[in-house]
Amino acid sequence: MDSTSLEPSLYTVKAVFILDNDGNRLLSKYYDPELYPSMKEQKNFEKNVFNKTHKADNEIAFLEGMTIVYKSSIDLFFYVVGSAQENELMLMSVLNCLFDSLSQILRKNVERRCLLENMEGVFLVVDEIIDGGVILESDPQQVLQKINYRADDNPLSEQTVAQVLQSAKEQIKWSILK
């Protein structure tokens, strides 16, 4: 086996995607451009993963040389993909952080309709947890704090662009003053 493939890397996550209960893509982010370079290859991989996992009771699958951790909720399937050598616990911590953060944003109503209505918040959550395949955060409370989410505030979809920008400016100002 090639010794370079066993060296530790910060690039833990190869892909994250959310599918509906029919296997249709709602969100996907691939962090390794060489893994599945075309949209057709990505969708084919997602279809294979969905077919293998949608009726299973497991949390981990191995497919096409990838380690895949997943979770389902009502009519959604959440997937985090890593290399075959990747630590499943690390991938599972990313998955749990994603699910728990979205659960807070969607007010415990983690289903397709609510997810689609709050897509900008979903993308913010994913971007706060993973950047370019590197895990940045695994604590849902920290993720929610970073995106400046409060349960009693307006959801992001009800805020104007000016409100979001003002909120970001205040957050930056406070982080500089600390």
Side-chain angles (χ1 to χ4, degrees), residues 11-33 35-36 39 41-43 45-47 49-50 53-54 59-61 66-82 86 90-172:
Y11 299 97
T12 306
V13 178
K14 300 293 183 193
V16 172
F17 50 92
I18 301 173
L19 306 177
D20 66 11
N21 59 349
D22 295 323
N24 299 317
R25 175 192 284 190
L26 301 177
L27 172 143
S28 74
K29 286 197 115 181
Y30 285 79
Y31 299 104
D32 186 349
L35 184 61
Y36 298 103
M39 180 79 72
E41 290 173 308
Q42 292 174 5
K43 288 194 170 199
F45 174 68
E46 292 166 14
K47 181 180 147 206
V49 169
F50 180 77
T53 61
H54 78 283
E59 295 178 334
I60 301 172
M66 297 285 123
T67 302
I68 304 157
V69 295
Y70 61 96
K71 180 182 275 199
S72 65
S73 172
I74 305 173
D75 57 354
L76 297 173
F77 288 85
F78 298 83
Y79 297 93
V80 176
V81 180
E86 202 53 63
M90 291 290 290
L91 297 174
M92 191 57 82
S93 71
V94 170
L95 179 64
N96 288 333
C97 181
L98 173 65
F99 186 83
D100 294 345
S101 298
L102 292 178
S103 181
Q104 288 292 318
I105 286 179
L106 301 175
R107 298 180 186 348
K108 308 276 190 226
N109 198 8
V110 184
E111 58 155 349
R112 184 179 192 273
R113 183 184 55 78
C114 290
L115 185 96
L116 291 174
E117 289 174 357
N118 294 284
M119 238 11 209
E120 66 278 354
V122 175
F123 278 108
L124 281 173
V125 166
V126 171
D127 289 343
E128 284 299 328
I129 297 171
I130 306 159
D131 183 27
V134 177
I135 300 172
L136 299 177
E137 189 61 67
S138 61
D139 179 10
Q141 295 308 314
Q142 289 296 318
V143 170
L144 295 173
Q145 185 177 5
K146 286 179 182 178
I147 65 170
N148 204 20
Y149 176 80
R150 292 182 196 87
D152 55 342
D153 280 354
N154 291 339
L156 290 172
S157 60
E158 294 176 11
Q159 293 182 12
T160 65
V161 173
Q163 289 171 321
V164 172
L165 288 174
Q166 184 60 34
S167 174
K169 287 178 186 175
E170 289 172 9
Q171 189 174 7
I172 291 169

*Main-chain N/O of V125 paired to S101 side chain as donor or acceptor, under 3.5 Å*: no
*For atom CE of M39, decide whether the heavy atoms of other residues, nucleotides or ligands shown that lie under 6.0 angstrom number more than 12.*
no
*Please report the shortest heavy-atom distance between S73 and F99, naming the atom on each side.*
CB-CE1, 3.5 Å
*Any L19 side-chain heavy atom under 4.5 Å of V49 side chain*: no
*Give the minimum heavy-atom separation between Y79 and I68, together with the two atoms involved.*
CD2-CG2, 3.8 Å
*Does a sphere of radius 6.0 Å around CD in Q142 hold more than 12 heavy atoms from other residues, nucleotides or ligands, not counting ones at 6.0 Å or beyond?*
yes
*asked:* Take a 6.0 Å sphere around NZ of K71 and say whether it holds more than 12 heavy atoms from other residues, nucleotides or ligands.
replied: yes
*Taking it one step at a time, do K29 and I130 satisfy side chain to side chain contact (heavy atoms under 4.5 Å, CB included)?*
CA-CA 10 Å; K29 286 197 115 181; I130 306 159; over 6 Å; no
*Does a salt bridge link D75 with R113, judged by any charged N lying under 4.0 Å from a carboxylate O?*
no
*N118 to L106 - nearest heavy-atom pair and separation*: ND2-CD2, 3.5 Å
_Using every non-hydrogen atom in the two residues, find where V110 and F78 come nearest and quote the distance to one decimal._
CG1-CZ, 3.6 Å
_Is the ring pair F17/F45 parallel, tilted or perpendicular, if the boundaries are 30 and 60 degrees?_
perpendicular
